Trainee: 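Can you keep this structure in mind? I'll have questions shortly.
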Amino acid sequence: MFVYKTNGVCSTEIHLDVENNIIKNVEFVRGCAGNLMGISVLVKGMKIDEAIDKLKGIDCKGKGTSCPDQLSKALEEYKKSA
């Protein structure tokens, strides 16, 4: 499991399980439970690069980031560490 500490959003961490470049599981710690559960379900089974392309740059209320954007950053960090 890869753990990413988020920045600038309500969620505090993202836990990732990835196998062979495919997202197997995503769990957000804190944040908007229903929305984050929905994001987790939607990216399950998706290739890392596809999820990054879809989520990167999404903004929440002018913060310059969002939980989906933070997930893209977590996936980018995962790729660097793998």
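From a predicted model like this one, the values you see are computed outputs, not experimental measurements.
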Trainee: Using side-chain heavy atoms (C-beta onward) and a distance below 4.5 Å, is Phe2 in contact with Glu77?
Mentor: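 In short, these two side chains touch, coming nearer than 4.5 Å.
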
Trainee: So, are Asp69 and Lys73 salt-bridged, with charged N and O less than 4.0 Å apart?
Mentor: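 Yes, this pair counts.
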
Trainee: To the nearest 0.5 Å, what is the distance between CD1 (Ile39) and SG (Cys67)?
Mentor: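 With rounding to 0.5 Å, CD1 (Ile39) is 6.5 Å from SG (Cys67).
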
Trainee: How long is the span from the CD atom in Glu27 to the CE atom in Met1, to the nearest 0.5 Å?
Mentor: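 So the CD of Glu27 and the CE of Met1 are separated by 5.5 Å.
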
Trainee: Would you check if His15 and Val26 make a side-chain contact, meaning some heavy-atom pair closer than 4.5 Å?
Mentor: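 Result no, sub-4.5 Å side-chain heavy-atom pair not found.
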
Trainee: Can you tell me how far apart CD (Glu19) and CG (Asn25) are? Round to the nearest 0.5 Å.
Mentor: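 It is 12.0 Å, given to the nearest 0.5 Å.
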
Trainee: Check the hydrophobic clustering (I, L, V, M, F, W, Y; side-chain heavy atoms under 4.5 Å; chains of links allowed) and say if Leu55 and Val9 are grouped together.
Mentor: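 No, no single cluster joins them.
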
Trainee: Could you tell me whether the side chain of Ile52 reaches within less than 4.5 Å of the side chain of Glu76, counting heavy atoms only?
Mentor: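 Yes, at least one pair of side-chain atoms sits under 4.5 Å.
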
Trainee: With the 4.5 Å side-chain cut-off for hydrophobic clustering, are Met46 and Leu42 part of the same group?
Mentor: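 In one cluster with Met46: Leu42, no.
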
Trainee: Rounded to the nearest 0.5 Å, what separates atom CD1 in Ile23 from atom CG in Leu16?
Mentor: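 So the CD1 of Ile23 and the CG of Leu16 are separated by 7.0 Å.
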
Trainee: Side chains of Asp59 and Ser66, heavy atoms from C-beta outward: is any pair under 4.5 Å?
Mentor: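 Asp59 does not reach Ser66 side chain to side chain.
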
Trainee: Might you work through the side chain to side chain contact (heavy atoms under 4.5 Å, CB included) test for Glu13 and Arg30, ending with a clear yes or no?
Mentor: CA-CA 8 Å; Glu13 286 183 354; Arg30 301 182 67 127; over 6 Å; no

Trainee: At what distance, to the nearest 0.5 angstrom, does OG of Ser11 lie from OH of Tyr4?
Mentor: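 Answer for the OG-OH pair, Ser11 versus Tyr4, is 10.5 Å.
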
Trainee: Heavy-atom distance under 4.5 Å between the side chains of Val43 and Leu71, does that happen here?
Mentor: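 Result yes, sub-4.5 Å side-chain heavy-atom pair found.
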
Trainee: Under 4.5 Å between any side-chain heavy atoms of Ile14 and Gln70, yes or no?
Mentor: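 They are in side-chain contact.
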
Trainee: With a 4.5 Å cut-off on side-chain heavy atoms, are Lys79 and Asp49 touching?
Mentor: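 The answer is yes, as the side chains (C-beta and beyond) meet within the 4.5 Å cut-off.
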
Trainee: Side chain to side chain donor-acceptor pair (under 3.5 Å) with Asn7: which residues, sequence neighbours excluded?
Mentor: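 Partners of Asn7 by the side chain to side chain donor-acceptor pair (under 3.5 Å) criterion come out as none, since no residue qualifies.
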
Trainee: If I take atom NZ from residue Lys63 and atom CD1 from residue Ile58, how far apart are they, to the nearest 0.5 angstrom?
Mentor: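 Those atoms lie 14.0 Å apart.
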
Trainee: Can you confirm whether more than 12 heavy atoms, excluding those of Lys56, are under 6.0 Å from its NZ atom?
Mentor: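 Result for NZ/Lys56: open.
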
Trainee: Is the shortest heavy-atom distance from the side chain of Val18 to the side chain of Tyr78 under 4.5 Å?
Mentor: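 Heavy-atom side-chain distance check passes, below 4.5 Å.
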
